[in-house]
Amino acid sequence: GTDDYVWINDDSGYVGIGTAAPDAPLHILKAAGGANIITGLKLDPDDATINSGVSIDFNASTTNTGASLVGSRIIGAREGGNASGFLALYTSPDATSSVPLERMRIDSAGNVGIGTTAPTNALSVWKAINNDFVAELKNTHATAGQSWGLQVCAGTNASDAALAVENEAENASLLYVRGDGNVGIGTTAPESLLEIQSTGTIKTNNDLLVLDETASAGSTNNNDTASSILWRGYSSDSTSIKLGRISVANSMDMTNTAS
């Protein structure tokens with residue numbers, strides 16, 4: 001009748017809420033009323049305890065004994081006071097365990113953690129892994145000249161950090177790019193476009209920078225095959241000029257190449 005709200009399809013056993021023609025085991029239909037977002041399903045743990053919540057489990061398979069194995073899980077739970085909450089995604093590590101592990105969390109501040117339940121940044125990715133990288137960004141675009149990698153947009157002055165690479169303990173800087181474009185290797189305070197610092201005791205062959213030009217197969221390293229550093233400047237009319245070069249092959253050659 002017109003006052004019916006729940007329907008069960010006699011042929012399929014499907015349940016419809018708000019619809020007399022369910023096309024799934026549970027079909028909930030609620031008119032949204034234009035661009036408004038309405039609540040179609042509400043799960044309430046009725047508990048104010050921190051970390052209390054509800055989950056939706058997805059069974060991966062069923063064993064011969066009839067015990068269901070949870071392959072994945074979505075949890076919504078209370079994080080702190082008032083209505084603060086988090087959303088977590090779980091997956092099971094293998095087919096022998098029905099206890100899924102948390103893989104990703106979105107906390108009440110909107111921070112996303114992968115491999116951590118306490119993300120301190122907009123995106124925090126933690127992973128204990130051997131002989132592999134924690135993350136890979138790969139552009140599979142096939143057209144040459146249209147395949148771009150990673151863009152980092154940050155920093156406006158010397159007080160900003162556009163990019164910082166540190167060791168695992170987060171107590172030593174490996175690479176630091178300031179907001180003004182200065183790059184530091186071994187320092188977070190580069191005073192020039194490129195500054196390289198080495199810590200520890202100065203010792204023989206403790207090179208800060210190595211320029212290595214490898215000869216092609218079949219050729220011989222000689223004075224014509226050299227690594228060099230070129231200084232370039234610009235004249236008043238913006239014409240590019242070579243100011244000088246240091247070339248190293250079998251010997252060092254410092255040349256004024258202004259032209």
Side-chain angles (χ1 to χ4, degrees), residues 1-119 121-129 132-143:
T2 57
D3 294 328
D4 293 337
Y5 298 102
V6 179
W7 290 265
I8 300 177
N9 188 297
D10 293 335
D11 296 327
S12 65
Y14 288 178
V15 177
I17 301 177
T19 176
D23 58 8
L26 176 60
H27 186 166
I28 302 174
L29 177 63
K30 175 65 177 178
N36 298 321
I37 303 299
I38 57 95
T39 300
L41 178 64
K42 185 174 183 179
L43 305 177
D44 192 343
D46 194 22
D47 194 327
T49 306
I50 293 178
N51 289 326
S52 65
V54 293
S55 71
I56 301 175
D57 288 358
F58 302 88
N59 288 342
S61 63
T62 301
T63 66
N64 293 332
T65 60
S68 297
L69 295 178
V70 178
S72 54
R73 172 179 292 162
I74 300 176
I75 287 181
R78 184 183 182 92
E79 184 176 272
N82 298 322
S84 66
F86 67 86
L87 184 68
L89 303 180
Y90 287 63
T91 61
S92 292
D94 54 57
T96 62
S97 173
S98 61
V99 181
L101 303 176
E102 181 173 336
R103 308 300 186 181
M104 184 175 77
R105 174 178 295 208
I106 304 175
D107 68 12
S108 59
N111 292 342
V112 178
I114 298 177
T116 174
T117 60
N121 305 99
L123 175 62
S124 297
V125 181
W126 291 20
K127 182 69 174 180
I129 187 171
D132 206 348
F133 296 101
V134 171
E136 178 182 14
L137 301 177
K138 185 175 183 179
N139 186 343
T140 58
H141 200 289
T143 304

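Only heavy atoms go into these numbers, but all of them, side chains included; no hydrogens, no water, no symmetry mates.
- Using a 3.5 Å distance cut-off with no hydrogens or angles, the side chains of R103 and T91 do pair a donor with an acceptor.
- Atom CG in L26 sits 4.5 Å away from atom CD1 in I28 (nearest 0.5 Å).
- Looking only at side-chain heavy atoms (C-beta outward), D107 and P119 come within less than 4.5 Å of each other.
- Of the possible polar contacts, one joining the T116 side chain to the A118 backbone as a donor-acceptor pair under 3.5 Å is found.
- Contact annotation: the side chain of E102 approaches that of T117 to within less than 4.5 Å [non-hydrogen atoms, C-beta and beyond].
- Within the 4.5 Å cutoff, side-chain heavy atoms of I74 are placed close to those of F58.
- The two residues A21 and H27 make their nearest non-hydrogen contact at O-ND1, 4.0 Å.
- Summarising the geometry, atom CD1 belonging to I114 is positioned 13.5 Å from atom CZ belonging to R105; distances are rounded to the nearest 0.5 Å.
- Smallest separation of non-hydrogen atoms from D44 and V54: C-CG1, 4.2 Å.
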Side chain to side chain contact (heavy atoms under 4.5 Å, CB included) between V15 and V6: does it pass, once the steps are laid out?
CA-CA 7 Å; V15 177; V6 179; 4.0 Å; yes
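- You'll find the side chain of N9 stays beyond 4.5 Å of the side chain of W7, heavy atoms only.
- When all heavy atoms of V70 and P100 are compared, the closest pair comes out as CG1-CG, 3.9 Å.
- Between the side chain of S52 and the main chain of D47, a donor-acceptor pair closer than 3.5 Å is present.
- The main-chain N or O of Y14 is found under 3.5 Å from a side-chain atom of S12 such that the two form a donor-acceptor pair.
- Here the closest non-hydrogen pair linking S108 and S84 is CB-CB, 3.9 Å.
- Inter-residue side-chain proximity for I17 and L29 is flagged as unmet; no heavy-atom pair is nearer than 4.5 Å.
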Give the C-alpha distance, both sets of side-chain angles, the deciding distance and a yes or no for side chain to side chain contact (heavy atoms under 4.5 Å, CB included) between W126 and V134.
CA-CA 7 Å; W126 291 20; V134 171; over 6 Å; no
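- Looking only at side-chain heavy atoms (C-beta outward), S72 and L89 stay at 4.5 Å or farther from each other.
- Nearest approach of T49 to R78, heavy atoms of both residues: O-CD, 3.6 Å.
- For the pair E79 and I50, the minimum side-chain heavy-atom distance is 4.5 Å or more.
- Within the 4.5 Å cutoff, no side-chain heavy atoms of N111 are placed close to those of N121.
- Between P45 and G53 the shortest heavy-atom distance is CB-O, 3.8 Å.
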Working note: I75 + L87, criterion side chain to side chain contact (heavy atoms under 4.5 Å, CB included); need CA distance, chi angles, decisive distance, verdict.
CA-CA 6 Å; I75 287 181; L87 184 68; over 6 Å; no
